[in-house]
Structures are given as structure tokens and as C-alpha cells.
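Read through the structure below, which is laid out as C-alpha cells, and then see the notes.
Below, each value reflects all heavy atoms present in this structure, side chains not excepted, and no hydrogens, waters or symmetry copies.
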Amino acid sequence: MPAKNKELASIFTQIADAIELKGETGFKVLAYRRAARALVDSAEDVVNLDKESRLESITGIGSGIARKIHEYLATGRMKKHQEAISGLPEGLFAMLELQGLGPRTVRLLYEKLKVNNLEDLKRTIADGSAASLPGMGVRKVSTILKSIQLSEKSGKRMFLNEAAELAESVIHRLKNDPNISNITAAGSLRRGKETVGDIDILTTGKNPKEIVKNFTSHPSVRQILAAGTTKASVLFETRTGLRQVDLRIIDASSYGAALQYFTGSKGHNIALRSLAQKKGLKISEYGVFRGKKRVAGKTEKAVYTCVNLPYIEPELREDRGEIEAAAKGKLPRLVELKNIKSDLHMHTRQSDGKNSVEEMVAACQKLHYTHIAITEHSVSAGYAGGLTADELMRHCDRVDRFNAHSKGFKILKATEVDITTSGKLDYPDKILARLDLVVASIHQGFKKNVTERVCAALKNPLVHIIAHPTGRLIGKREGYDIDLDKVIETAARFRKILEINAYYGRLDLNDIWARKAKQANVKLSINTDAHAVKNLDWMKYGILVARRAWLTRNDVINCLSTSKLLKFLKTGI
DNA sequence: GCCGTTTTCGGCCCGACTGTTTTCAGTCG
């Protein structure tokens with residue numbers, strides 16, 4: 001995300017929090033929050049939008065907020081922001097982060113007890129003064145205390161793989177409950193978002209009370225946050241801390257509406273409901289209603305049909321133009337895992353992988369791939385057992401021998417060659433020329449002219465793919481300081497391919513940039529970067545990113561047959 | 001503050017759970 005987008009989004013979020021703390025309710029608050037999210041979701045740099053006076057082309061940004069953005073970019077300050085936060089101790093904003101503690105309560109604590117921060121809050125809870133406030137009580141205060149303890153103990157958002165595994169384990173256990181007929185995960189996990197905050201599980205069945213009891217008595221449940229007759233929320237103990245899992249129990253006649261609703265995103269649902277409203281319909285998790293009459297609800301498709309839209313895939317539901325595209329019949333037919341014929345970035349024991357070439361080949365044949373690329377590290381990646389030029393040539397000889405005897409499966413002669421700090425590639429051209437596929441990437445000098453180095457690699461006729469183009473590690477490391485717009489432009493000009501690295505900790509390019517690449521007519525390659533056989537199934541996470549980026553099978557070179565891929569690599573066509 | 005198939009005003013998604021209350025406000029998703 002462009003740096004200023006992020007900066008401005010947090011400013012607008014803080015304005016929303018601040019005016020809410022000061023007693024503002026309703027739609028102004030909502031408008032600031034919506035603007036913040038719009039900035040986060042936008043692939044366009046707010047700096048450019050402002051320069052070209054196109055800020056208001058983003059839904060959720062009107063003249064008022066556009067003016068404030070311009071003021072901030074021009075002067076480094078925003079009067080409205082200063083005004084909003086003036087007189088409010090900084091600690092109040094941290095208190096708002098706590099589950100179960102909202103603006104009204106924070107304000108009450110601040111005004112009546114001079115609670116300025118988390119420390120004050122703990123003190124007033126301990127001495128009983130918080131519980132004696134009007135509208136407060138012992139139980140409410142104990143909920144807040146638990147929430148403080150939780151926030152000190154729990155990690156940030158989950159990686160996609162952890163979320164998928166947690167959901168799978170909860171669903172696996174509940175499937176044995178004879179009361180349950182349908183069960184599935186919804187929420188951001190179903191949309192394939194790169195990180196997941198909590199898990200939403202949706203069920204239909206009889207005896208909701210029994211289902212809730214079964215759910216809340218799971219051995220890994222450490223705390224029950226809420227348990228009613230239609231929903232329950234609990235905290236699960238996992239290897240990365242406590243994680244919230246929500247369960248909803250829905251009547252079968254509402255299953256589709258509920259699935260639609262609980263899949264989100266929030267922005268998508270608001271847009272959909274507004275559309276329904278204009279048609280005199282009301283959409284809730286129970287169905288689509290005209291007056292009191294339910295006109296749909298059993299399936300998701302029927303919900304969309306009611307507002308004259310085709311079914312919209314969950315990965316597209318981010319309020320990024322999917323509703324407009326659906327209305328025009330211009331939704332893409334998204335790439336699927338079953339379209340994938342190859343994995344073009346993986347390592348074996350020859351460099352820093354765990355398995356042999358033969359083991360990787362056998363595993364990929366099981367996945368019904370028709371070809372793969374073994375891409376060992378290059379010579380200067382000493383830490384990763386990079387191959388010398390001689391070693392790489394001997395590897396190529398072995399691959400040639402393998403291919404000579406192989407039917408219906410081919411290994412591409414390839415490398416993951418380092419782009420060195422000087423901007424050169426780590427092997428001479430005459431070595432690279434013998435290869436079918438050259439994947440180039442940065443593993444050193446993250447702060448040294450990264451854009452220039454990557455663009456120089458893109459201009460080299462022997463290079464095909466740039467792997468993990470930003471180098472980000474989710475939650476651990478921001479990407480390199482790289483100008484992706486320029487990289488995409490250069491890739492388009494020289495007909496080069498950008499990678500979606502499917503490792504759940506990278507997912508690089510992300511959905512927004514991969515979509516931008518597609519719009520610039522750049523092809524993408526989804527690869528696992530597997531260092532072991534078991535990593536090969538990360539492909540599914542890369543597919544989710546690709547689908548969130550609106551990619552079809554035509555945008556992804558892993559969907560090409562062996563001969564078509566080889567031709568494409570040689571000719572760019 | 002944003003937005004427009006009711007377009008420059010008057011709407012803005014909808015419902016469950018909890019706690020403190022005795023009909024509802026606050027919070028969450």
C-alpha cells in the first residue's frame with residue numbers, strides 16, 4: 001500500500017474515533033471510517049490522485065475529505081485532525097482497541113473518573129470505582145478486565161494457513177454432531193484474505209442449544225465470550241495464542257442469505273443492501289424481503305438474483321467494483337486450482353530444500369502437474385547453498401537425461417538467480433542462456449536501488465520472472481522500498497512475468513498489485529517457492545490471491561501446457 | 001461527510017448478545 005494512503009487512512013480513523021469519543025454519533029463517523037478503508041483498498045497512490053485532482057473518483061471520498069487530503073499532502077497537517085484530537089489524551093485511542101469497550105464507555109470513564117489510559121483503567125477496575133459508574137457493574141467491568149488480559153496475550157492476525165487449519169479442526173469436530181446438517185467457514189477466511197482476524201463458522205441444524213453447548217465445550221476453548229441460541233463466540237487456545245471463533249446457527253431456509261452476509265466484506269454487504277433497498281427489498285442474514293414476505297434466502301445465488309446480479313465469487317467481495325462489474329455482466333471467470341499445470345519456483349536438497357529432485361517430481365505428478373521448474377539458488381546465495389555455475393550445468397545435464405526418458409512430465413532447466421547489489425545477475429549470460437526459465441529475485445541489499453536493479457533484470461532478455469517482487473514478509477517485514485508502478489510498467493514493456501509467491505507468509509505480489517499488473521497486461525505466475533514436498537500445497541493460497549486479483553486462467557502462465565509455456569518463454573507470445 | 005434509477009436534500013445495512021435495567025444502550029460483526 002502506498003505510504004501516504006496508509007498514513008491518511010490512520011488519520012481518518014483517528015478522526016472517526018475522536019469525534020465519536022466527543023459524542024458524535026451516526027453517519028459522519030461512518031463516512032470517515034469508510035474513507036479510511038477506501039484509501040487502504042485503493043491501489044492508486046493518493047499522492048498521484050491528488051496531483052491529478054482525481055481523489056473524488058474513489059467511492060467514499062467526497063469534496064470534504066478530498067480537500068482535507070489535499071491540505072495534508074500540501075502542508076503536512078490537517079486542521080480537522082488537530083481539532084478532533086485536541087483535548088483527548090492519547091491513551092483513550094488505545095482503550096478503544098479493546099474488545100467490548102466502545103466510545104461511550106471510554107468517554108464515561110474519562111469524564112467521571114479521569115481515566116486517561118490503560119493504566120488508569122486497570123486502577124479504577126481494581127479499586128472498584130469503575131464498577132460504580134451509572135450503567136456499569138461488576139460483570140461489565142470483569143469483561144473489560146478479561147479483554148485487557150487478552151490483548152496483552154494474543155497475537156495479531158493469523159496467517160491464512162493457520163486460519164484455514166483452525167477452521168478445519170473446529171468443523172471436523174462439529175461434523176460429528178448429529179444435530180448439524182450443514183457447516184462451513186465464512187468471513188475473511190472464505191474470501192481468502194491474506195490474514196484473518198477471527199474465524200466465522202456457519203451451521204444449520206436442529207437443537208441450536210445443543211450445538212452451542214457442543215461448540216463451547218471443545219477442549220481447546222479457553223473462554224466463552226457469548227453463548228446465545230443462534231450464535232456463540234469463544235476463544236481457542238492455539239500455538240500462536242488465543243484466537244476468537246464465532247459460531248452461528250441458522251435455519252436451512254436462510255442458509256444462503258446467512259452465508260452471503262457472514263462472508264462479507266462489510267463494504268460489499270453495505271453496497272449490496274443499498275442496491276436492494278433501491279429495489280424496495282431488504283436483505284438481512286435471514287433472507288431477502290419485500291415487506292414481510294421473504295423472496296429468497298436458501299442459496300447465495302438466489303440472494304444475488306433478487307438484485308439482478310449474477311453470483312459473485314467470495315474472493316471478489318471487497319467492494320472494489322465487483323457489484324458494478326456484475327451488473328454489466330463483466331465479472332471475470334476466476335482461475336481455479338484445477339487449472340494449474342505447473343509450479344515454477346521450488347528448491348531441492350541441491351540448495352536449501354529438504355527433498356530430492358525425484359521426490360519433488362513424484363509429489364508434483366501426484367498433483368497432476370505436467371511440468372515443473374527446479375529453481376535452486378545462485379552462487380552468491382551462500383547461506384542457502386547456492387549452486388556454482390558448474391553445479392548448475394551438471395544439474396541441467398541430469399535434467400536433460402530425465403526428460404529424455406520421461407513421458408508426459410517435464411522438468412524445466414531453471415534457476416532462481418540473485419539480483420546482486422550491483423544490479424547484475426549472479427550468473428553470466430552464457431550460463432543463463434542454456435536454461436528454459438530464469439527466475440530472478442532480490443535476497444540482498446534491500447535498501448539499495450531496488451527499483452533500478454529489478455528493472456535492469458526485467459530488461460535482460462534472458463530473464464522471465466521476477467519472484468516475490470516486494471520482498472515483504474507479512475507481519476514481519478515491510479517490502480523493499482520499490483516503485484511497483486514502474487516495475488509493472490517495465491514488465492509490460494518487455495513482456496515479462498511477475499510472481500505471486502504462494503507461501504502464506506509472503507503472498508507477494510498481493511491481490512491489489514497483482515490486479516494492477518493484470519490491468520497493465522502483465523502475466524502472472526503463481527509459485528509455491530517450496531523447500532519441501534509438503535510445501536507444494538501452498539499453491540491454494542496463491543490461487544486465492546490470484547482470484548482476489550480478478551485473474552483468469554489466461555492471466556496465469558501456470559495454466560499453460562508444457563509446449564505453450566516453452567513457446568511463451570521463448571517468444572513472449 | 002457522502003451520495004444520487006426519488007440527484008443538491010434527506011437519506012445513510014441490519015440484527016444478536018450482554019449487562020443493567022425493567023425497556024434499553026452499548027458493542028460487535
Side-chain angles (χ1 to χ4, degrees), chain A residues 12 15-16 19-21 23-38 55-69 80 84 95-109 130-144 146-147 186-188 196-202 208 212 224-234 244-250 254 257-258 260-289 303 307-308 319 324 327:
Chain A
F12 287 126
I15 292 176
I19 62 178
E20 216 173 13
L21 283 171
E24 179 88 57
T25 55
F27 302 107
K28 235 183 230 189
V29 178
L30 202 70
Y32 281 115
R33 294 202 193 285
R34 193 172 293 166
R37 202 176 43 238
L55 284 168
E56 288 178 56
S57 69
I58 296 185
T59 308
I61 296 182
S63 61
I65 285 183
R67 205 165 48 242
K68 291 179 178 72
I69 291 174
K80 176 72 187 183
M95 286 165 62
L96 286 176
E97 305 278 309
L98 292 174
Q99 189 89 342
L101 191 55
R104 314 296 295 190
T105 313
V106 170
R107 187 179 175 208
L108 181 74
L109 288 159
S132 65
L133 289 173
M136 300 286 278
V138 180
R139 302 186 66 165
K140 208 162 181 175
V141 160
S142 119
T143 309
I144 296 171
K146 278 183 187 164
S147 179
S188 55
V196 176
D198 55 27
I199 307 283
D200 294 296
I201 309 278
L202 203 63
V212 166
I224 300 171
L225 300 171
T229 53
T230 67
K231 66 187 237 183
S233 290
V234 300
Q244 186 169 335
V245 181
D246 296 339
L247 179 77
R248 330 263 172 167
I249 302 138
I250 292 286
S254 296
Q260 194 289 317
Y261 176 66
F262 290 116
T263 296
S265 67
K266 196 172 177 177
H268 175 85
N269 285 356
I270 289 174
L272 194 69
R273 287 179 178 200
S274 303
L275 193 63
Q277 221 173 30
K278 281 171 198 152
K279 296 181 191 295
L281 297 165
K282 190 187 77 172
I283 299 181
S284 76
E285 57 262 54
Y286 298 106
V288 184
F289 297 86
V303 173
V307 286
N308 295 334
D319 196 22
E324 295 81 348

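- Atom CD in A:Gln99 sits about 18 Å away from atom P in B:dG26, given to the nearest Å.
- Applying the side-chain hydrogen bond (donor to acceptor under 3.5 Å, both in side chains) criterion to A:Gln244, with sequence neighbours excluded, gives A:Gln99, A:Asp246.
- Contact annotation: A:Tyr286 does not reach the phosphate of B:dC14 (side-chain N/O to OP1 or OP2, under 4.0 Å).
- Note on A:Ser265: nothing from the nucleic acid sits closer than 4.0 angstrom, heavy atoms only.
- For the pair A:Thr230/A:Pro208, no side-chain contact is recorded, criterion being any heavy-atom separation below 4.5 Å from C-beta on.
- Proximity note for A:Ile65 (side chain, C-beta onward) versus B:dG1, B:dT27, B:dC14: the nearest is B:dG1.
- Using a 4.5 Å heavy-atom cutoff, the side chains of A:Val106 and A:Leu101 are in contact.
- Out of B:dC17, B:dG1, B:dG29, the shortest distance to the side chain of A:Tyr32 is found at B:dG1.
- Nucleic acid contact class of A:Leu98 (heavy atoms, under 4.0 Å, all strands): sugar-phosphate only.
- The partner of B:dT18 is B:dA25, judged by Watson-Crick or G-U wobble contacts that both fall below 3.5 Å.
- Rounded to whole Å, the separation between the C1' atoms of B:dC14 and B:dC9 comes to 24 Å.
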Summary of protein contacts for nucleotides 19-25 of chain B, nucleotide by nucleotide, where a base hit scores B, a sugar-phosphate-only hit scores S (4.0 Å, heavy atoms): SS-----
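- Under the rule for a side-chain contact (heavy atoms from CB on, under 4.5 Å), the partners of A:Ser265 that lie at least two apart in sequence or sit in another chain are A:Arg191, A:His268, A:Glu318.
- Contacts of A:Ser284 classified as side-chain hydrogen bond (donor to acceptor under 3.5 Å, both in side chains), with partners at least two apart in sequence or in another chain: none.
- Using a 4.0 Å heavy-atom cutoff across all strands shown, A:Ala227 reaches sugar-phosphate atoms only and no base atom.
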Distance-only criterion, 3.5 Å: show the donor-acceptor pairs between side-chain atoms of residues 27-36 of chain A and protein atoms not counting sequence neighbours.
residue: A:Arg33; atom: NH1; partner: A:Asp17; partner atom: OD1; Å: 3.1
residue: A:Arg33; atom: NH2; partner: A:Asp17; partner atom: OD1; Å: 2.9
residue: A:Arg33; atom: NH2; partner: A:Glu20; partner atom: OE1; Å: 2.7

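- Considering only residues two or more places apart in sequence or on other chains, A:Glu56 meets the side-chain contact (heavy atoms from CB on, under 4.5 Å) condition with A:Ser63, A:Ala66.
- Listed candidates were B:dG15, B:dT27, B:dC2. Nearest to the side chain of A:Lys231 is B:dG15.
- For the pair A:Lys28 and A:Glu285, nearest-nucleotide mapping onto DNA chain B gives the more 5' position to A:Lys28.
- Across B:dT23 and B:dC17, the matching C1' atoms stand 16 Å from one another, rounded to whole Å.
- Nucleotides B:dT5 and B:dG1 are separated by 23 Å at their C1' atoms, to the nearest Å.
- In this structure, A:Thr59 reaches the sugar-phosphate backbone alone: every heavy-atom distance under 4.0 Å involves primed, P, OP1 or OP2 atoms, never a base.
- Partners of A:Ser254 by side-chain contact (heavy atoms from CB on, under 4.5 Å), not counting sequence neighbours, listed by chain and number: A:Ile250, A:Tyr286, A:Arg294.
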Summary of protein contacts for nucleotides 8-13 of chain B, nucleotide by nucleotide, where a base hit scores B, a sugar-phosphate-only hit scores S (4.0 Å, heavy atoms): ----BB
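- Under the salt bridge (Lys or Arg N to Asp or Glu O under 4.0 Å) criterion, the residue pairs touching residues 99-109 of chain A are A:Arg107-A:Glu111, with sequence neighbours excluded.
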